[in-house]
Every structure is written in C-alpha cells, then in structure tokens.
Q: 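Below you'll find the structure I mean.
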Amino acid sequence: MKGWQAVLGLLLGAAVLGALCLGTPAVPPSRLPGLLTGQGEGIERIVVTELRLPRVVLALLAGACLGAAGLVLQEALRNPLAVPEMLGVSSGAALGVAAPLVLAVSVPAVVQPVLALGGAAFGGALTLLAAGAGRSPSAVLLTGAAVAAALQAGLLVMMVMADQLDLQLIYRYLLGSLSGRTWGDVTGLWPWLLIAVPALVLCAPVLSVLRLGDEDATALGVRVHRARFAALAVAVVLIAPVVAVCGPVAWVGFLAPHLTRRLLPEADAVRWLPWSAAWGAVTVALADLPARLALAPVETPVGAWTALLGVPAGVVLLRWARRAPGGKRGPRPEEAAAVPRQRESRPAPTGKGTRP
C-alpha cells in the first residue's frame, strides 16, 4: 500500500515537473520556485505561469473527474466495461458543445459547461429511459452503447455541415485536447466540482452496496433504481464540465478504476474512489507530455495518447483481474455475488442415504 503511494507520488511529481520544465523554452527545475512566486521576468515566467501551469492543473482536475466518474459507473452497473464513452454521456456532452459552434450561435465560455451538462444529462437520461429506468445493468450498458452511437452519428452530421475552420476545431475537440487552455478554463471547473465532490462522498457508500447485486441491495434497504439513477447523475456532473473544456478524453474512466482494483483488490468503493481519481489525474498529466512534445512544435490531442496507451493497459489489467492467485481464473464479480444465493437456495439434506 505505502509502496504504491510512493509510486503514485513519484509519477505525479514527474508529470508536473515535466509539464512545467520541458518544451520551448526549456526551464531548469532550479528556476521554477522563483518563476512560480513571480520573481522572474521575461518570457519564461509568462510561459510557466500563464501557459504551462494552468494546463497541468487542468490535466490533473480533468483526469481526477474522469477517473472517479469511471469508477462510479462501473460500480453502479456492476460491469467493468461501463465507461462514459459507452453510455452516451461523453457523446451527449460533446454534441451539446459542438452544435452551437456549427450553427454559428455565439455562446459565452461560461455557458459552455451548461450546454455540455445538458447534453450529457440528455444522453444519460435517454440511456436509462431506453433501458427501462436502469432495471438491468447489462441492459443499461447495451442501450448506452446504442445511444452513444446515435449521438456520434449526430456529431458526424454536424461535422458535415461545418466549414473547414470549424471542422478542424471540432475534430481536435472530439479527440480531447488541452492546447491553449488558460486559468479561465480552470476557474470554470470549480463551481461544478463544488457540486460534484459532496455528491460523490454521499454516493460512495451506496456503491459498495450495489456491488452485492440488486436483490441483496434491496434487502439491505437500498432503492436500487433510484440509487443507480443518482450514480449516473453524479457521473454526469463530473464528466460534463471536463468535456466542455477539454473534449472527451477517452478511456481514462476505464483505465483508472481497473488499475485501482488491481492495486487494492480487497478494498471497497469508498477506498477505491480517491485512488481512482488520483490515477486518472496522473494518467492525463503523463499523456499530455507526449501530446505536447512528441511532434513539437505541432501538438497532438491528449485523448489520442490516452486511448493509444490506455486501452492495451486496461485490457491487460482486466485479464489479470479475472485470474485468482496461483494462475487459476477466478469468478467474475457478478458470478461471485451469485454463489452465496445459490448455496442458500439449496434444500437441506433429508438424511436419507447418509451414514449415522
């Protein structure tokens, strides 16, 4: 446990240090304290404090929100493949932001998170309604994939209608990008975080109960349908402002929860939640380094790097999670939850044919 905390701290420090020092102009680490406290002068201070620092802060906040939202969705639906990209949440938020741009509607930057929130809520609510208000986790996941495909088709229609300049902006936005982000973008996230964090704290204990299955959760007094809808609402509030500012940064909500479960297999959702947020923050911060430097001076979208590196790593973690110690394949979470119910339903032995 403490070893992984040290690894997480080292990765976080390396990501922040690399984000502030690397690039053009390169800044020695020894000069960072003076530049961050406003003692330096010239182009280096402006680059570090007005360009690189807000970018790395935004990367950490966005990754933490996506990592926490991914864990909430996976625990609420009891499915390790439940990610924002497959439930219509990210696609709906992206559509809410892209539509005014294509339709030439002037929207202030302050209103963009509201449009993204409305689009994400529309996609999530449409998924739950089509799946029967979340009565079956598997139905929610399959219906969410269909809703996400429909919303992505709407995005393609918007891209066909856009001119060349808007098309380039939408294309980079849909891949997820931190390019050109400033302190104004960071400030726009704080009001939504003030709403999402308390709701997340209240939601975490219920997620541990939902992992037991709908029948067991109901027996413990949890209203499963309302709890699942509330969990989706919390995920929407976490994802929508991030998508409004950065675009849909892919697969962070898939990788961070799986990495957390791999490192803390005996924990519950309450303990997993801060770790998933921390690994999500580190993932986006580290992925932004090659996005900014690999093809310099041209920047690549950070979402392309999170997908390129996150999907293979997540698949490996998923395969390892299904193997019990000793190399044997262990039961899936839903199968393991069903074993006690099967044993309880067996009839008691009648005593016939048994030895005294």
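Counting begins at 1 with the first residue of the sequence.
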Q: Please enumerate all residues that pass side-chain hydrogen bond (donor to acceptor under 3.5 Å, both in side chains) together with Arg292, with sequence neighbours excluded.
A: none

Q: Is there a side-chain contact between Leu58 and Cys246 in this structure, where contact means two heavy atoms from C-beta onward sitting under 4.5 Å apart?
A: yes

Q: Checking Trp183 side chain against Thr49 main chain: does a donor-acceptor pair fall under 3.5 Å?
A: yes

Q: Are the side chain of Asp185 and the backbone of Thr182 linked by a donor-acceptor contact shorter than 3.5 Å?
A: yes

Q: With rounding to the nearest 0.5 Å, note down the distance linking CD1 in Ile170 to CE in Met159.
A: 6.5 Å

Q: Measure the CG-CG distance between Leu156 and Leu174 for me, rounded to the nearest 0.5 Å.
A: 8.5 Å

Q: Supply the atom-to-atom distance Leu207 CG to Leu200 CG, rounded to the nearest 0.5 angstrom.
A: 8.0 Å

Q: Does Thr143 offer a backbone N or O that forms a donor-acceptor pair with the side chain of Thr127 under 3.5 Å?
A: no

Q: Are Trp305 and Leu289 side-chain neighbours, meaning at least one heavy-atom pair lies under 4.5 Å?
A: no

Q: Would you give the length of the straight line joining atom CG of Leu238 to atom CG of Leu193, rounded to the nearest 0.5 angstrom?
A: 7.5 Å

Q: Would you check if Asp268 and Arg211 make a side-chain contact, meaning some heavy-atom pair closer than 4.5 Å?
A: no

Q: Return the OG1 to CG distance between Thr37 and Leu35, rounded to the nearest 0.5 Å.
A: 7.5 Å

Q: Where do Phe122 and Leu151 land on the side chain to side chain contact (heavy atoms under 4.5 Å, CB included) test, with the steps shown first?
A: CA-CA 10 Å; Phe122 173 76; Leu151 294 175; 4.1 Å; yes

Q: Start with the C-alpha distance between Thr283 and Leu259, add both sets of side-chain angles, then the distance that settles side chain to side chain contact (heavy atoms under 4.5 Å, CB included), and finish with yes or no.
A: CA-CA 11 Å; Thr283 299; Leu259 187 58; 5.6 Å; no

Q: With sequence neighbours excluded, what pairs up with Trp272 under the ring pair (Phe, Tyr, Trp, His ring centres under 6.0 Å) test?
A: none

Q: Test your reading of the model: is there a side-chain donor-acceptor pair from Arg262 to the backbone of Thr260, 3.5 Å cut-off?
A: no

Q: Measure the spacing between CG of Leu194 and CG of Leu189 and express it to the nearest 0.5 Å.
A: 11.0 Å

Q: Without swapping roles, check the side chain of Glu50 against the backbone of Arg45 for a donor-acceptor pair under 3.5 Å.
A: no

Q: In the structure I gave you, are the side-chain heavy atoms of Leu71 and Trp275 within less than 4.5 Å of one another anywhere?
A: no

Q: Tell me if a side-chain donor or acceptor on Arg226 pairs with a main-chain N or O of Val222 at a distance below 3.5 Å.
A: no

Q: How about Leu60 and Val16: do any of their side-chain heavy atoms sit closer than 4.5 Å?
A: yes

Q: I want to check something: taking the side chain as every heavy atom from C-beta on, are Cys21 and Leu32 in contact at a cut-off of under 4.5 Å?
A: yes

Q: Using the ring of each side chain (for Trp, its six-membered ring), is Phe254 parallel, tilted or perpendicular to His258, with breaks at 30° and 60°?
A: tilted

Q: List the steps, then state whether side chain to side chain donor-acceptor pair (under 3.5 Å) holds for Arg261 with Gln74.
A: CA-CA 11 Å; Arg261 293 191 191 95; Gln74 291 176 16; 2.8 Å; yes

